[in-house]
Amino acid sequence: MSITSLLLSLVFVIIPLILTAYLKLGLTKDILIATIRSIIQLIAVGYILTFVFEGDNAIYIVLMILLMIGAASQNIVKKGKGIPHITWIIILALVVVEAFSMTMLIVFNIIPFTPQYVIPISGMIIGNTMVLSLLFLNKFKAEISQNDEVIELILSFGGTPEDAIKTSLKSAIKTSMIPTIEAQKTMGLVQLPGMMSGLIIGGGDPLEAVMYQLLILFLILNTAAVASVLVGYLSYRNLFNERMQFMGIREDVK
């Protein structure tokens, strides 16, 4: 793709800008910021990846993964504000999901330990962990706010913190997993996923592209389950004190 072609593709940004301005949706500034940031960030990442790929050094790979984890955790933590120690919980969840997934892929020789494989797949794992954690925290905090009296009632009758929070916790985990499960049900029928489309556009064999896409789908399903459960079961304990009293969401803590 030439620079001219890329510039022409900005028409796909101009149209939403016109529509939001005409309908007075108040999204014009957000669209402009998102577009400018995506251009700057992707160009910067392009140069960084070129350096990492050419260097082909394990240290560069690890540093790139840590950079992605750091960026993702900062985005998630904002949504988890009010849950004590949420920053460390999110970082731990991201590290565990990434480490487990990559260990399985490399130990079983599913992919080689090279930047061209590890970094893009790590990006998909960390990115999906971020989105699913955001979904979980959004639903979990809403459930707690709606059911705080029920939680207090269960505790007053001698229930444990786990008994009191179980319904809200399971509901939040289920909500965060449903989009991934539903998306997989229609995969290949409604849309051709990103990795598969990219490989085909790049001239790859469609059947090989399918196998790589299935790998990503299985990874994302694992991410949906492990990330939600980890964040959930590590988070809820911090909503109770040592005397098992419910403290609730406290917006002044991180």
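As the structure is a prediction and not an experimental result, all values here were calculated from the model.
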Please step through side chain to side chain contact (heavy atoms under 4.5 Å, CB included) for the pair Leu105 and Tyr117, ending with a clear verdict. CA-CA 10 Å; Leu105 291 174; Tyr117 285 88; over 6 Å; no
Check against side chain to side chain contact (heavy atoms under 4.5 Å, CB included), Ile216 and Leu219: CA-CA 5 Å; Ile216 297 304; Leu219 281 172; 4.2 Å; yes
Criterion side chain to side chain contact (heavy atoms under 4.5 Å, CB included) on Met130 and Ile126, from CA distance to verdict: CA-CA 6 Å; Met130 179 184 72; Ile126 295 168; 5.6 Å; no
Apply the test side chain to side chain contact (heavy atoms under 4.5 Å, CB included) to residues Leu49 and Ile119: give CA-CA distance (whole Å), side-chain angles for both, the deciding distance (0.1 Å), then the verdict. CA-CA 9 Å; Leu49 289 179; Ile119 292 176; 3.7 Å; yes
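Contact between Leu155 and Gly159 at its shortest, heavy atoms only, is CD2-O, 3.4 Å. When every heavy atom of Ser235 is checked against every heavy atom of Ile86, the shortest pair comes out as OG-CD1, 3.7 Å. In terms of heavy atoms, Ile69 sits closest to Leu94 at O-CD1, 3.6 Å. Minimum interatomic distance between Ser168 and Asn147 (heavy atoms only, all atoms of both residues): OG-ND2, 3.5 Å.
Every residue meeting the side-chain hydrogen bond (donor to acceptor under 3.5 Å, both in side chains) condition with Ser171, not counting sequence neighbours, appears here in chain and number order: Glu143.
A continuous path of hydrophobic side-chain contacts links Ile220 to Phe108 [ILVMFWY only; heavy atoms under 4.5 Å]. In the hydrophobic clustering of this structure, Ile14 does not group with Ile39; members are Ile, Leu, Val, Met, Phe, Trp, Tyr whose side-chain heavy atoms approach within less than 4.5 Å, directly or through other members.
Remark: Ile59 CD1 is loosely packed, at most 12 non-hydrogen atoms of other residues, nucleotides or ligands lying under 6.0 Å away. Around the CD atom of Glu149, the shell of radius 6.0 Å holds no more than 12 heavy atoms that belong to other residues, nucleotides or ligands.
A donor-acceptor distance shorter than 3.5 angstrom exists from the side chain of Ser73 to the backbone of Gly70, with no hydrogens or angles considered. The closest donor-acceptor contact from the side chain of Thr20 to the backbone of Leu17 lies under 3.5 Å. With Asn238 contributing its side chain and Pro84 its backbone, the two residues share a donor-acceptor pair below 3.5 Å. A donor-acceptor contact shorter than 3.5 Å is absent between the side chain of Ser228 and the backbone of Ala225. In this structure, the side chain of Asn222 does not engage the main chain of Phe218 through any donor-acceptor pair within 3.5 Å.
The aromatic rings of Phe140 and Phe136 sit parallel, their planes meeting at an angle under 30°, below the 60° perpendicular limit.
When ring centroids are compared, Phe51 and Tyr60 come within the 6.0 Å threshold.
None of Leu234, Ile76, Leu230 except one satisfies the side chain to side chain contact (heavy atoms under 4.5 Å, CB included) rule with Ile89; the exception is Leu234.
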